[in-house]
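Below you will find the structure I want to go over with you.
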Amino acid sequence: MAPEVLKKNYDEKCDVWACGVTLYNMLSGEQPFKGKTSEERLLNILEGRYKFDGSVWKKVSKEAKEFIKKLLNVDVKGRYSAEEALNDPWISKFTTVEDCEAIEQEALMNLKSFRVSDFPTNKQ
């Protein structure tokens with residue numbers, strides 16, 4: 001959860017923060033904000049304290065780490081917007097317009113075929 005959510009004053013950039021947390025987790029298999037207690041973890045979130053330590057981060061590019069830093073910037077004004085994130089060099093390096101168009105088409109097809117009735121409910 002983004003620091004500004006904890007302060008109950010947030011906008012869409014809290015979703016960018018969530019993307020940063022998710023990417024950190026995907027690349028390392030760990031959560032970025034650690035602590036022995038919930039209070040310690042929350043303090044680390046509020047202060048933006050995380051590390052790229054451990055052997056797994058030696059295999060992650062500098063560009064990927066810089067991207068995460070821009071997503072997990074505690075200063076909302078300095079944090080990437082969604083558009084800025086999409087235009088980051090690390091993202092641009094691995095995507096093409098054709099990739100994005102294919103993903104958009106696939107996402108649209110998935111949304112069209114999505115049905116809430118496909119999910120089990122607790123009703124018996």
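None of the values given here were measured: they were computed from a predicted structure.
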Separation between NZ of K13 and CG of N73, rounded to the nearest 0.5 Å: 8.5 Å
ILVMFWY cluster, V56 and F67 together (side-chain gap under 4.5 Å): yes
Under the salt bridge (Lys or Arg N to Asp or Glu O under 4.0 Å) test, residues paired with E40 that sit two or more places apart: none
Closest approach of L46 to V74 (non-hydrogen atoms, all atoms of both residues): O-CG1, 3.6 Å
Sequence-distant partners of K69, salt bridge (Lys or Arg N to Asp or Glu O under 4.0 Å), two or more places apart: E66
Residue pairs involving residues 25-44 (criterion ring pair (Phe, Tyr, Trp, His ring centres under 6.0 Å); sequence neighbours excluded): W17-F33, F33-Y50
Residues which pass salt bridge (Lys or Arg N to Asp or Glu O under 4.0 Å) with E47, listed by chain and number, not counting sequence neighbours: R49
S81: partners by side-chain hydrogen bond (donor to acceptor under 3.5 Å, both in side chains), with sequence neighbours left out: E84
Atom pair OG1 (T22) and CG (L27), whose distance is rounded to the nearest 0.5 Å: 11.0 Å
Interatomic distance, I68 atom CD1 to M26 atom CE [nearest 0.5 angstrom]: 10.0 Å
Transitive ILVMFWY side-chain link V76 to I45, under 4.5 Å: no
Approximate separation, where rounding is to 0.5 Å, of S28 OG and K51 NZ: 14.0 Å
Considering all heavy atoms, the nearest P32-Y24 contact: CA-CE2, 3.3 Å
Common cluster, L86/V16, ILVMFWY with side-chain heavy-atom separation under 4.5 Å: no
R41 (side chain) donor-acceptor with G35 (main chain) under 3.5 angstrom: yes
side-chain hydrogen bond (donor to acceptor under 3.5 Å, both in side chains) against D88, all qualifying residues, sequence neighbours excluded: Y80
Separation between CD of E30 and CG of N25, rounded to the nearest 0.5 Å: 9.0 Å
Separation between CZ of R79 and NZ of K70, rounded to the nearest 0.5 Å: 14.5 Å
Common cluster, I91/V21, ILVMFWY with side-chain heavy-atom separation under 4.5 Å: yes
